[in-house]
Every structure is written in C-alpha cells, then in structure tokens.
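Values below: every heavy atom of this structure, side chains too, minus hydrogens, waters and symmetry copies. Quick note: residue numbers are just sequence positions, from 1.
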Amino acid sequence: MRQPVTRRLQAALATLALAAVAATGGIVLSAPEASAATGSATGYATQNGGTTGGAGGQTVRATTGTAIHAALCGRAADSTPIVIEVEGTINHGNTSKVSGDSCNTAAGVIELKQISNVTIVGVGGAVFDQIGIHIRESSNIIIQNVTVRNVKKSGSPTSNGGDAIGMESGVRNVWVDHTTLEASGGESEGYDGLFDMKADTRYVTLSYSILRNSGRGGLVGSSESDVSNGFVTYHHNLYENIDSRAPLLRGGVGHMFNNHYVRINSSGINSRAGARAKVENNYFEDSKDVLGTFYTDAAGYWQVSGNTLDNVTWSSPGSDNNPAGPDMKSTTTVSIPYAYTPDAADCVRDVVSRTAGAGKGLKVSDGNCTAQPPTEPTPGPTEPTPDPTDPTPGPTDPTPPTGTNLSIGAGSDGSSKASGTSFGHLRDGDLNTHWSPAGSTGHASIKWDSATAVSSVVIREAAGSAGSIGAWRLLDADAGTVLASGDGAGTISFPRTTLRKITFEIVSSTGSPRIAEYETYTS
C-alpha cells in the first residue's frame, strides 16, 4: 500500500505520472470532456455499499494496455477514483508492466490488483484482443462497453491468466456491463472461461452482455471447496453457442433473470455444492440441460418462475447428473435484497438483441420490454468496505426468530473440537461459553430424540473471538441435504423442515471461530 507523503509531493508525483500516461498512449481529459455515460449499477453490485467505479475522478483516454496500467499507477493513491476510457485495440504487443506505489500490474494482461474506485469504459470500439482483464484483491470496479476476445488458457505462449474477465482473492463490488466476451472455440482449442469468479469474490453483476462461441461461459468457485463466493446477478445477457457453465455456481447465491440462452450445447446453469440459483423470466432456446446439477453428486438448488423453454432437451438423471427438467420445479427459495423489474420472458429475445453487448449505446430495458438510454448516476465515489465476515445478504436478518429455543435441552455433537471447548456450550443459553472447531473448518449438530420441526437457526459468535465464520452450509443431517448456505454468523431462515438432527458446517473461517450459541426455532 502507498505510504503517506506531503500534499505537495503527492501532487508532483501525480503530475509526473499523468505525463507518463500521455507518453504511453494515453490522453488526460478534464471531467467535462468525458464522453462515456455509464448509467447506474444493478443487481448484487448495488449491495455492500454499492458500485460506482471511478465516478467523480480524473478521466484518462488510453489507446494501449501500457497506458491503462500507467493511468492506474498515476493516481495519488490506490483508491483515488479514475475513469479510463479505452479506444482502439489492446493486445500483447502494446501491454507492458508499469510499476508504482498505487498499482500492481503485469505484462500481457490488464491487471487490477489491490486497488479500488476504477471505471474502464470503451469508446469508439474498444477491443481487448487475446488479452484478458483480471481483478485481484480489489473493490468498486466497473468494466463497460468493451469486447474481450480469444483469451488463451494460462500457460499458453499468448496468455497470462486465461479468462476473458476473471476475479479472485477477496474481490468486492464489480459491475460488468454491455461487454462482448467471446472465443473461437473450446478448451481443446486452448480457450478458458469467459467470466470467472474465485477465492472469495462477492457482489458482482453481469448485465447486458454477450457471451458466445466458447466451451466455458463462466464459473463461481473453482472447486467444490471454493464456496466463499457468491451474490452474483446475471441479467439481460445473451449466452450463445456455449458448451457449459452458463454459469457454473458452487455455493453462494446467483440471480439469473431476463437472459437469452441459445445453443447451450451440454449444460447451462449448473447449481452445485449447496449453491442456490433464482432463475426467472429467461428465454431458453435450442439448448440442452439448461438448469440442474451436473457432473457431480454435490447437490445445488434453484427457484424457478416465468421461464420459456423453446426446443430444450434433457438428459436422463444419474448419480452425477440431476437435470431440473423437463418439468422444472423449484427446490428452494431465494430472497433478493434489491429492487428490480424483470421483463416478461416472451420479449427477452427482442430486448436482449437491442441492448446486449458492446457498441449498443449502453441501452437498457425499462422493465416493459423497451430499450432506452441509461440513467445517469449521481456523481461521487463510494468505496465499499470489504468484509468477508459480514456480507449482505446472508444470515444477518435483523429480526431474530421468536418462540422457544429448541436447542435448550437437546443433544449436540460434531467434528473435532478445540481444547477446552464443549458441544454442550452450543445449547446452554450462556453467551460466555463456546465451542470451537479444532481448525478453521468443522461442523456441529443439534439433535433430538424425536422428529422436530425447524425453520430458522441463529448462530451467535462469542465476544472477543479470535476468528470469525466465513462460508457455511446448514444441513438436514437425516436426509443429507443442504437447507441453506451463506457467510458469517446471524439468523438463517429456510423452509420448515422436520428432522432429528441439523448440522452447521463451517466451510471457511478466519482464525479459530467461537460459537457461543447454536439456537434453533420453529417460527
């Protein structure tokens, strides 16, 4: 991170850095000259403090990848707001590493690492040719009106990362809008994912974009254990000629509405490892297995409504194949915390064709199947405060359940516990005692002698805990099914379930978490 300097020196460094921008293919513009309207973020990108990118900051025009890096490094601090307007073709030949106190960049890739408050917006036809945009340990980022094409997998001679747009390692609040992400083949031809999120990435929206001609549309979570990601919205996007991962969702919550899926060749929305997907008012056309849990026995869940299936085929269920169709029915409920007005599914093909992708004038739908210019946001940067232990939404309902705590007088057990702790402390009504797992992961259960109806759980962490709960899953231990998943301590609500044993599984945490009480209720 940048060390404090005097204002005079700070201004001098910024002036020199802006001169470097000009020397590397960039033009510094005054704020009134900025030509790219960005509109306002939508979906989960509006949560956790919102996503405003570089609003209110300096505007820079860049015609090379090196100039983009120089603009990032030329800021007074790594959180100074900036809008980078990109014009022309960015490729490996014009993208070099630039170093500075306020940036971390790399050659051969557009890298946004350990920074915040940045907008990258295309003007005059911006194309990232065989070079990806990668976001690491960063927050409050907007990418808009650009085409990213033919990015090769990591390890190839012309790649440095693999994904068209990739996010990982503590990323928060990203809005990707009106982009065209495409490849010229699948994995066997050397191409990777178009839109990937890994390693604790949250509060992301992909809107009005085109993803096409690729083996892999995108994923949330790199493996069955990488379930700390989530809260992702996909709306008004075109998925065309995609083999799979539209998206693949491991853990967390995804909201897919008003997307047009055409020629999904193997599998589409793949909800697995406890993930919950709300899938509404989409148009699925000429496709196979558009929703379900595929290639794993780690079940995911979905809530469906208002979708249109036009020439969709389904495979037969198997041990690692659980298609949602042909009779798609909900297997969970998903509460959405933000306001939105979905278009009817029967107009999705039309409105998406007029709005999705780069070079469409940033037009959006008004919720009545009509394309219109974007609404201008209110200027002023807002830097969200990433906090992997206190996400929104999640098990943080401010209104706790009422009634009798069913854990009092019940039994309890679980995985290995830390020295000096007890499973009995989970149900003794005393916030001064606690249970801790032996490491950063583990599970604890409340159990009864007879079947008991439960519809909510409250997990209370002990005061002064040396760690905190990250990702978790709540399981019906009798049936082996996931009742809910999320992040952090608090209140967890789910459909009323009758069971003898309910298990809270800590998938990830910081330090050694301490659970003072594991309360259960029928509300």
For Thr89 and Phe128, run side chain to side chain contact (heavy atoms under 4.5 Å, CB included): C-alpha distance rounded to whole Å, both residues' side-chain angles, the deciding distance at 0.1 Å, then the answer. CA-CA 6 Å; Thr89 299; Phe128 293 79; over 6 Å; no
Rounded to the nearest 0.5 Å, how far apart are OG1 of Thr119 and CD1 of Ile142? 4.0 Å
Any residue meeting side-chain contact (heavy atoms from CB on, under 4.5 Å) with Ser223, in chain and number order, not counting sequence neighbours: Ser225, Asp226
Side chain Thr179, main chain Asp177, donor-acceptor under 3.5 Å: no
Do Arg473 and Val507 pass the side chain to side chain contact (heavy atoms under 4.5 Å, CB included) test, and can you show the C-alpha distance, the side-chain angles, and the key distance before you say yes or no? CA-CA 7 Å; Arg473 299 196 304 168; Val507 177; 4.0 Å; yes
Between the NZ atom in Lys198 and the CG atom in Asn229, the distance rounded to the nearest 0.5 Å is 10.0 Å
Under 3.5 Å, side chain of His178 to main-chain N/O of Lys363, donor-acceptor pair present? yes
Distance-only polar pair, side chains of Asn265 and Asn241, donor-acceptor under 3.5 Å: yes
Using only atom types and a distance under 3.5 Å, with no angle test, would you say the side chain of Thr66 pairs donor to acceptor with the backbone of Ser96? yes
Under 3.5 Å, is there a donor-acceptor pair between the side chain of Thr46 and the main chain of Gly50? no
Would a distance-only check, ignoring hydrogens and angles, find a side-chain to backbone donor-acceptor pair under 3.5 Å from Ser138 to Arg136? yes
Can you find a side-chain donor-acceptor pair between Ser508 and Ser228 that sits under 3.5 Å? no
Atom NZ of residue position Lys360 - does it have more than 12 heavy atoms of other residues, nucleotides or ligands inside 6.0 Å? yes
I need the Thr64 OG1 to Ile90 CD1 distance, nearest 0.5 Å. 6.0 Å
Return the CD1 to CG distance between Ile131 and Asn94, rounded to the nearest 0.5 Å. 7.0 Å
Can Tyr234 and Thr205 be counted as having a side-chain donor-acceptor contact under 3.5 angstrom? no
State whether the side chain of Ser436 and the backbone N or O of Ala418 hold a donor-acceptor pair below 3.5 Å, judged by distance alone. no
Salt-bridge present (Glu182, Arg149; N to O < 4.0 Å): no
How many angstroms lie between SG in Cys73 and CD1 in Ile115, if you round to the nearest 0.5 Å? 8.5 Å
Does the side chain of His434 come within less than 4.5 Å of Ile515's, by heavy atoms? no
Side chain Asn237, main chain Asn259, donor-acceptor under 3.5 Å: no
In terms of the angle between their ring planes, are Tyr44 and Tyr338 parallel, tilted or perpendicular, with boundaries placed at 30° and 60°? perpendicular
Whether Arg172 and Asp200 form a salt bridge (side-chain N of Lys/Arg under 4.0 Å from carboxylate O of Asp/Glu) is what I want to check. yes
Checking Lys152 against Tyr191: charged group under 6.0 Å from the ring centre and within 45 degrees of the axis? yes
Let's go through Tyr295 and Ser244 carefully: what are the C-alpha distance in whole Å and the side-chain angles of both, what is the deciding distance for side-chain hydrogen bond (donor to acceptor under 3.5 Å, both in side chains) to 0.1 Å, and is it a yes or a no? CA-CA 11 Å; Tyr295 324 122; Ser244 62; 5.4 Å; no
Could you tell me whether Glu240 and Arg263 have a side-chain N and a carboxylate O separated by less than 4.0 Å? yes
Side-chain ion pair, Arg272 and Glu224, N-O less than 4.0 Å: yes
Applying side chain to side chain contact (heavy atoms under 4.5 Å, CB included) to Tyr301 and Ser485, what does each step give before you reach the verdict? CA-CA 11 Å; Tyr301 308 91; Ser485 61; over 6 Å; no
Judged by atom type as modelled, is there a donor-acceptor pair below 3.5 Å linking the side chain of Thr147 to the main-chain atoms of Val127? no
Begin with the C-alpha distance, continue with both residues' side-chain angles, and end with the deciding distance and a verdict on side chain to side chain contact (heavy atoms under 4.5 Å, CB included) for Trp302 and Leu291. CA-CA 9 Å; Trp302 45 83; Leu291 173 65; 3.9 Å; yes
By the definition ring-ring contact (aromatic ring centres under 6.0 Å, His included), identify the one residue from His255, His235, His236 that meets it with Tyr340. His255
Taking the side chain from Asn282 and the backbone from Met256, do they hold a donor-acceptor pair closer than 3.5 Å? yes
Quick one: which of Ile84, Ile110, Thr80 gives a side-chain contact (heavy atoms from CB on, under 4.5 Å) with Leu72? Ile84
Examine distances only and state if a side-chain atom of Asn91 and a backbone atom of Gly93 form a donor-acceptor pair shorter than 3.5 Å. yes
